[in-house]
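First comes the structure, then the notes that go with it.
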Amino acid sequence: MGAGAVPPIVTDIGFLSFGWWSEAPGSRVRTPRQMLLDTVETAVAAEAAGLDAAFIRVHHYDANLSSPFPVLAAMATRTSRIELGTGVINMRYENPMYLAELAATTDLMSGGRLQLGLSRGADMAPMDGPATFGHVLPEGLSAAEDTAQRVARFREAISGAGLAEANGARPGDPPLPLTPYAPGLSERIWYGAGGIESARRVGTLGMNLMSSTLILEATGEPLGVIQARQIAAFRSAWAAAGHPGTPRVSVSRSIMPIVDDETYRYFGGLLAQDRRGRNTDQVGVIDNMHATFGRTYVGEPDRIVSELMADEGVAAADTLLVTNPNTLGAEFNAKLFDVLASQIKPALGHPVLAA
């Protein structure tokens, strides 16, 4: 374990699906309809295996999932225990009030299991995608400032606060809150922070922290070391702001266990790269900023466990989201989930949950 690392405290393991569909050779999810239905079945498989969470990524103008709430609602009707979430919704594309209604409705359908990840998001395929949704960046505001305003309005809307004057209201009548109201949802809002300063802001604002396999910092250190520093800054800011309770932190990792001929056929090439020292954290540029991209954990479960135990980012988090190869279909992913739940999670010191 690296210097300064602490023993792993991960209590929850789930998957994070990118929701791709593709007609490429080997893909088992070839159309948007297949992707949507298969995503629901993947959540069912995750709960049956004993995982704790089913998260979906949201992207616009691309061949993957873009409208999360119908899918989350369908997942809610087919599961009873696992958390259901997003990682993350790009708030520059969203009407905060309508988003609040969708989120509250979905949370009520799930019985209070929604864990909603928001963010400013990275640039996508279009030059100015939010503008095509009717969200033109106001003059004088940066994208980050515009996002902050949208997030604040969304959080106010889901809090049950009065927002609109009633038609025919008399002096002293309270303003109308948005409906439906989902109790507890306000405490289950996460924010995807790309760097240490944004992590501090998340802590100050009292949201949970999502940290991905990409961090907008490039020091030459391993991703986990950078993440652990980011997480420490978040927790310090949370405490300094005086928020009650203990905030949650998730990190995501690409994990590909090899347990039989089929998994070797798909992941053996990555294992060969790993053995040659070519499967490492990488430094690149995104949004004109230098960033660190995380490596893939590949191999037999015991080896993966050993490497996760030495990952300081994983050690600092309470929730581990595993990016899954969704184009291989729910049945194949169920095999990976069984390994995560029955071998990797117990080895980190936590029990397997019954479906």
Side-chain angles (χ1 to χ4, degrees), residues 12 14 16-17 19 36-37 39-40 43-44 46-47 52-58 60 65-119 121 130 133-135 146-170 172-192 202 205-208 210 243-245 247-248 250 319:
D12 297 295
L16 172 61
S17 175
L36 294 167
L37 297 177
T39 300
V40 176
V44 173
E47 181 165 276
D52 308 289
F55 276 62
I56 52 179
R57 187 173 180 258
V58 182
H60 303 287
L65 198 146
S66 60
S67 182
F69 291 102
V71 181
L72 290 166
M75 291 160 67
T77 65
R78 295 286 308 283
T79 60
S80 61
R81 177 184 54 78
I82 58 171
E83 296 178 336
L84 307 172
T86 58
V88 288
I89 292 175
N90 185 332
M91 288 297 291
R92 292 179 294 168
Y93 283 77
E94 299 296 331
N95 177 316
M97 301 290 283
Y98 187 49
L99 179 67
E101 290 184 337
L102 289 170
T105 299
T106 305
D107 188 49
L108 290 170
M109 290 185 67
S110 74
R113 291 183 283 137
L114 186 63
Q115 303 286 337
L116 198 63
L118 313 174
S119 184
F133 276 52
H135 304 308
D146 179 57
T147 299
Q149 290 184 5
R150 292 175 187 274
V151 171
R153 185 62 168 171
F154 166 76
R155 295 180 72 196
E156 181 184 31
I158 63 171
S159 73
L163 301 174
E165 183 179 348
N167 190 13
R170 295 168 296 182
D173 285 350
L176 301 174
L178 208 62
T179 59
Y181 171 66
L185 179 58
S186 295
E187 300 171 8
R188 288 179 268 113
I189 305 303
W190 304 61
Y191 197 86
V202 175
L205 291 170
M207 291 181 282
N208 298 311
M210 300 189 84
H243 297 300
R248 292 184 62 182
S250 73
T319 300

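Note that the coordinates shown come from a computational prediction; the quantities given were computed from them, not determined experimentally.
Taking each heavy atom of Leu116 and Ala103 in turn, the nearest pair found is CD2-CB, 3.8 Å. Shortest non-hydrogen contact noted between Leu16 and Gly87 is CD1-O, 3.9 Å. Residues Gly192 and Ser119 approach most closely at O-OG, 3.0 Å, considering heavy atoms. Nearest heavy atom pair, residue Leu163 against residue Pro175, reads N-CB, 3.9 Å. Nearest heavy-atom pair across Ser66 and Val58 is O-CG1, 3.4 Å. The nearest pair of heavy atoms linking Ser186 to Ser159 is OG-CA, 3.7 Å.
Residue Ser67 holds its OG atom at 7.5 Å from CG of Leu102, rounded to the nearest 0.5 Å. The CD1 atom of Ile89 lies 4.0 Å from the CZ atom of Phe69; values are rounded to the nearest 0.5 Å. Annotation: the span from Ile189 atom CD1 to Phe154 atom CZ amounts to 4.0 Å, rounded to 0.5 Å. Summarising the geometry, atom OG1 belonging to Thr319 is positioned 8.5 Å from atom CE belonging to Met210; distances are rounded to the nearest 0.5 Å. Residue Ile158 holds its CD1 atom at 12.5 Å from CD of Glu101, rounded to the nearest 0.5 Å. Once rounded to the nearest 0.5 Å, the distance linking CZ of Arg153 with CD of Glu94 reads 15.5 Å.
Not one N or O on the side chain of Arg150 forms a donor-acceptor pair closer than 3.5 Å with the backbone of Pro96. When atom types are taken as modelled, the side chain of His135 and the backbone of Tyr93 share a donor-acceptor pair closer than 3.5 angstrom. Between the side chain of Thr106 and the backbone N or O of Ala73 there is no donor-acceptor pair closer than 3.5 Å. The main-chain N or O of Asp52 is never found under 3.5 Å from a side-chain atom of Asp12 such that the two would form a donor-acceptor pair. Panel note: side chain Arg81, backbone Glu47; a donor-acceptor pair is recorded below 3.5 Å.
Listed by chain and residue number, nothing satisfies the salt bridge (charged side-chain N to carboxylate O under 4.0 Å, His left out) test with Arg113 (two or more places apart in sequence, or in another chain). The ring-ring contact (aromatic ring centres under 6.0 Å, His included) test applied to Tyr181 returns no partner, not counting sequence neighbours.
Between Ile82 and Met75 the shortest side-chain heavy-atom distance does not fall below 4.5 Å. Between Thr86 and Trp190 the shortest side-chain heavy-atom distance does not fall below 4.5 Å. With a 4.5 Å cut-off on side-chain heavy atoms, Leu65 and Ser17 do not count as touching. Taking 4.5 Å as the limit, every side-chain heavy atom of Arg188 sits out of range of all side-chain heavy atoms of Glu83.
Other residues, nucleotides and ligands contribute over 12 non-hydrogen atoms within 6.0 Å of the CZ atom of Phe133.
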- Item | CA sep, side-chain torsions, deciding dist, call: Leu99, Met91, side-chain contact (heavy atoms from CB on, under 4.5 Å) | CA-CA 9 Å; Leu99 179 67; Met91 288 297 291; 3.5 Å; yes
